[in-house]
Protein chains: 2
Amino acid sequence: MNNEHSTLSFMPYTYEFPRPSITVDCVVFGLDREHKLKILLIQRNLEPFKGEWALPGGFVRIDETLEAAALRELREETGIETVFLEQLYTFGKLDRDPRERVITVAYYALVNLWEYQIRAATDASDAAWFTVDALPSLAFDHDRIVQTALKRLQGKLRYEPIGFELLPEKFTLFQLQKLYETVLGQELDKRNFRKKILNMNLLIALDEFQQDVSHRAARLYQFDRLQYEQLKEKGFNFEI
Amino acid sequence: MNNEHSTLSFMPYTYEFPRPSITVDCVVFGLDREHKLKILLIQRNLEPFKGEWALPGGFVRIDETLEAAALRELREETGIETVFLEQLYTFGKLDRDPRERVITVAYYALVNLWEYQIRAATDASDAAWFTVDALPSLAFDHDRIVQTALKRLQGKLRYEPIGFELLPEKFTLFQLQKLYETVLGQELDKRNFRKKILNMNLLIALDEFQQDVSHRAARLYQFDRLQYEQLKEKGFNFEI
DNA sequence: GATAGTAGTGTAAAAAAAACACTATGTCAA
DNA sequence: TTGACATAGTGTTTTTTTTACACTACTATC
């Protein structure tokens, strides 16, 4: 097939016709103290969609990878540094952006909101956490991106132990269960949940207990990342 | 956060610094008569990687969506028209292409090879099917893309009835089982497989049987797409 | 008529998941 | 100090799902 198409497919430097721009956008999930799932949004102070809320994100520079761009935008716009970050989907509809053709590679991030809540509020005066079932209307097609991210988070949580990314380093089984219930949108049986999660051998039971709670203090646990890596290698099933 | 970063994130038309180019690449899966999983590759006739095999693909035009670009490239380079096509992952490493910064949105496609085998061989003299476990060395990072596609196909097949896309309209349960065994890389129990797949109510048993086989002719079945859509709505579980 | 190759069928055992309720401990307020 | 409240923590039984397993039937070919 010695035709123009093959040629077009890998045209060298001289490629000069108009091309789409690439951005990254991040859906940052957090969990507040009332076990509500939150998303971090930025208020736009430029047209278009000035004043509306949008996902943190921005253009990909020529000398940085997609993931690097996502991490940079997160740092710049929200102060968030190290997080669980995973590619979600690439959105390429023609009219996503009213100004020009923009393709965006969406990522989703899980952060320990209990740690970052303050930073986001101070460093970025126009960044705020919103409960997922009470989101404002969003700029561009960001509502679609958020919906996609939510579905992915639910699907992922069922089969991979990623919930720990949303909790503090040390947490109780009760917190973990509430997390699953919130994200999956269904109640879980306490005893069955504890059996399942403990049988995975991913939790280290600490000799520490909750402080300053107005009820019996629960034991604290820690996620065993090393063990997780090893079990993942062996194709272990982490379904909840 | 009224700083340069927010501004940068949604800079208007005047955005003039160098930007990455975007391509699409397609991993096209097919299943041959010996129940071997195949991938369709194109032989490059331009530098770089001249003479090497690569995935069909090419630049995304400013006035077409990502999926349209993937379908166009497939049509142009291989003659394939209508297929199951789903976005796989977006690859954005800096040195993917030795000439310039190129980000590629990879798709994977499932086709009925029994129908297309001839077209690909005639329309595109430099297109050919390769068995997945005997692939030649590939141009760019296309081997990584293929590996990602393989994993995705396996994961997807376990939870969604997409195998039918690889078979002719009418097929036997034996063919279907072989498909699963090939893709998943494990043997399945005949009786258990039939029970499970028939209990999903996704198959229409036809009053037709195999022709021209040198053994007892098996009943032919058809995939019930309508039923599939309805069950999917209800959150039905299609795990095999 | 023997052989080769696939078609087609059910049951029992094992494993996994689901259902289910009470006692224990600590804080707070009356 | 006592009672109310909130969560901690713990096993067993039932149900469902999954797995293991073997023979007869049909058709073409040699």
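Per chain, numbering begins at 1; letters A, B, ... match sequence-line order. Computed over heavy atoms, backbone and side chain alike; hydrogens, waters and symmetry mates excluded.
Using modelled atom types, one finds no donor on one side chain facing an acceptor on the other under 3.5 Å when comparing A:Glu52 with A:Gln43. In this structure, a donor-acceptor pair under 3.5 Å is present between the side chains of B:Glu86 and B:Tyr108.
Taking atom CD on A:Gln210 and atom C1' on D:dA6, their separation rounds to 11 Å, with Å as the unit. In this structure, B:Leu173 atom CG and C:dG8 atom C1' are separated by 10 Å, rounded to whole Å. A straight line from CD1 of B:Ile240 to C1' of D:dT18 spans 13 Å, rounded to a whole angstrom. Taking atom CG of residue A:Asn237 and atom C1' of nucleotide C:dA16, one finds them 12 Å apart after rounding to whole Å. Here D:dT17 presents its P atom at 11 Å from NZ of B:Lys196, a figure rounded to the nearest Å. The OH atom of A:Tyr221 sits 6 Å away from the P atom of D:dG9 (whole-angstrom rounding). Rounded to whole angstrom, the span from the CD atom of A:Gln177 across to the P atom of D:dA8 amounts to 9 Å. If you measure from atom CG of B:Asn199 to atom C1' of C:dG10, you get 13 Å, rounded to the nearest angstrom.
With D:dG9, D:dT19, D:dG11 as the choices, the nucleotide that has an atom nearest any side-chain atom of A:Asn192 turns out to be D:dG11. Ranking C:dA24, C:dA18, D:dC21 by closeness to the A:Arg216 side chain, first place goes to C:dA24. Each of D:dT7, C:dC28, D:dG11 was ranked by its minimum atom distance to the side chain of A:Ser214; first place goes to C:dC28. For B:Phe209, whose side chain is taken as the heavy atoms from C-beta onward, the closest listed nucleotide among D:dA8, D:dA20, C:dG8 is C:dG8. Here the nucleotide nearest the side chain of B:Arg194, chosen from C:dG8, C:dA18, C:dT6, is C:dG8.
Residue order along DNA chain C, read from the 5' end via each residue's closest nucleotide, puts B:Lys195 first among A:Lys195 and B:Lys195. Between A:Asp189 and A:Gln175, it is A:Gln175 whose nearest contact on DNA chain D lies nearer the 5' terminus.
For the pair A:Arg219 and D:dA8, the criterion of a side-chain N or O lying under 4.0 Å from OP1 or OP2 is not met. Contact annotation: A:Arg191 side-chain N/O to C:dC20 OP1/OP2 distance is not under 4.0 Å.
Between B:Phe91 and B:Tyr89, the two ring planes are perpendicular [angle over 60°; tilted spans 30° to 60°]. Using cut-offs of 30° and 60° for the angle between ring planes, the A:Phe174 and A:His35 rings count as perpendicular. Under the 30°/60° scheme for interplanar angles, the aromatic rings of A:Phe164 and A:Phe171 are found to be tilted.
On a pure distance criterion of 3.5 Å, no polar donor-acceptor pair joins the side chain of B:Lys190 and the base of D:dT19.
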